[in-house]
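Presented below is the structure to which this report refers.
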Amino acid sequence: MQNFTFKCPTDITFGKGAEEQVGKKIKAYGGTHVYIVYGGGSVVRSGLLARVERTLTEAGIAFTVRGGVQPNPLVSHAREGVREAIAFKADFILAVGGGSVIDTAKAIAHGVANPKTDIWDFWSGRAKLTKSTPLAVVLTLAAAGSETSDSAVLTNEEMGVKGGINTPFNRPTLAFMNPELTYTVPKKQLVAGISDIMMHTLERYFTKVKEQNRLTDLVAEGLLKDVVASARVAVQDQTNYDAMSEIMWCGSVSHCNFTELGRSKDFSCHKLGHALSAKFNTTHGESLTAVWGSWAKFVYQDDLPRFAHFAEAVWDVPSDFGDDKAKAEEGIRRQVAFFKELGMPTSLGELPSGVLKDTTLHDLADLVTAKGTKTVGNFHPLDWKAVSDIYTMANHEI
Ligand code: NZQ
Ligand code: ZN
């Protein structure tokens, strides 16, 4: 096993009625002025925002509210939030929504604690984040895992780039997770979220690390199998509490780094996906499933035993199915078939942006590799040519 450090400090309240605890717990953590962030209005229509506000009022906490976060959230919107939250003297930020809302709230939390620094400087690496403001999250969509992750992803619309930062300051102080709140998620977002949850573990499963790490592998494989089984129930009945609970908890475990302990991250498909989202506003989960199969086919021969093991452990491919190459290919086929079963795109051509011209694929490869000056991923480090080849493979149905 490789050395590792792991600190996942979020105080999680999970289950029915979790959101009723918001006021009480923020107060216990010292919050007096709460800046609430939400998205396009689903939490207003469902009555969730009003319930959360009531708990703050009952706890004697002052609050102000900012809506309007869009999927693939913009740094410009977060900047406005920073200004408002500072004027309000916010000492706690509260996100009520999915990953986009949470990531915006993370950016606002950083901006409030560092009023002299433009928040994008933290994303671009020009400034180093050394402090933030406490953040609470009421999660409404199981997907990004931002409720426990050390990551936050923003789009800079002026620069045409989407990117994330990883820092311990991104870990929320509090998370409230009631699976019932996810019953109203649109089907397209449900399946995109399920796919993202799987991808967060897949992007940690295929890495260069060769040392044995059985527990981490078993956690990863168990999580993937649980997501598959629960997803099959959830797409039929989105009000199945057990299935929605499993998916919600898998979302947090999948991206809190627990499935990479002693291993590492690859995340090249995320980089390819972020470039698509930056250019076409592609839904995050869709940007991943559109490229994963092509990525896997491009790299799998680097470590056939690993892909063969994945096929057996996650997709129940029989051990006597064939040699490692045959098993590896079958595992990839079954993973892609599952994405299709969910109704997810598994090629670029199936995205709303359609089949792309070669010049566009090259622009995307420029974005991913900073015009060929860096590689992405570690299982098979991808240079400009490799990224461009994978996009080309992914352009048409696989
Ligand atoms: O905005 P509202 O009206 O709330 O509607 C949202 C939005 O339109 C809707 N929704 C959410 N919960 C709902 C609901 N509609 C009805 N009922 C509910 N209970 O769903 C739509 C999508 O929301 P969004 O927050 O964009 O989805 P998701 O949670 O998938 O987040 C995606 C963002 O997170 C980033 C992605 O890149 C993308 O920008 N990621 C963040 C990560 C992190 N911070 O750790 C890791 C991920 O890899 C990912 O990159
Ligand atoms: Zn993701």
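Note that these values count all heavy atoms, side chains included, but never hydrogens, waters or copies made by symmetry. Nothing fancy with the numbering, it's 1 onward along the sequence. Counting starts at 1 for both ligands and their atoms, following the listed order.
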Donor-acceptor pairs are to be reported for all side-chain atoms of residues 83-90 against protein atoms at under 3.5 Å, with residues two or more places apart or in another chain.
unit_1 : atom_1 : unit_2 : atom_2 : d
E84    : OE1    : Y35    : OH     : 2.6
E84    : OE2    : R66    : NH1    : 2.8

Legend entry - At the Zn ion (ligand 2): angle between H284 atom NE2 and H270 atom NE2, to 10 degrees: 100°
Inset, instruction - For the Zn ion (ligand 2), find the closest N/O/S atom on H200 and give its atom name. - result: NE2
Legend entry - Atom name, D196 (N, O or S, nearest to the Zn ion (ligand 2)): OD1
Inset, instruction - Return the orientation label for the W292 and F339 ring planes: parallel under 30°, perpendicular over 60°, tilted otherwise. - result: perpendicular
Inset, instruction - Without swapping roles, check the side chain of T282 against the backbone of L276 for a donor-acceptor pair under 3.5 Å. - result: yes
Inset, instruction - Could you please provide the protein residues found below 4.0 Å of ligand 1 on a heavy-atom basis, arranged by chain and number? - result: G39, G40, G41, S42, P71, N72, P73, G98, G99, S100, D103, T140, L141, A143, A144, S146, S149, S151, A152, V153, K162, L181, T184, V185, P186, Q189, D196, H200, H255, H270, H274, H284
Legend entry - Among T104, T155, I119, side chain to side chain contact (heavy atoms under 4.5 Å, CB included) partner for V75: I119
Inset, instruction - Would you kindly check if the NZ (Lys) or CZ (Arg) of R306 is within the cone defined by 45 degrees around the ring axis of Y205 and under 6.0 Å from the six-membered ring centre? - result: yes
Legend entry - Stacked cation flag K16 on Y241, 6.0 angstrom / 45 deg: yes
Legend entry - Near-ring test F14/F176, centroid separation under 6.0 angstrom: no
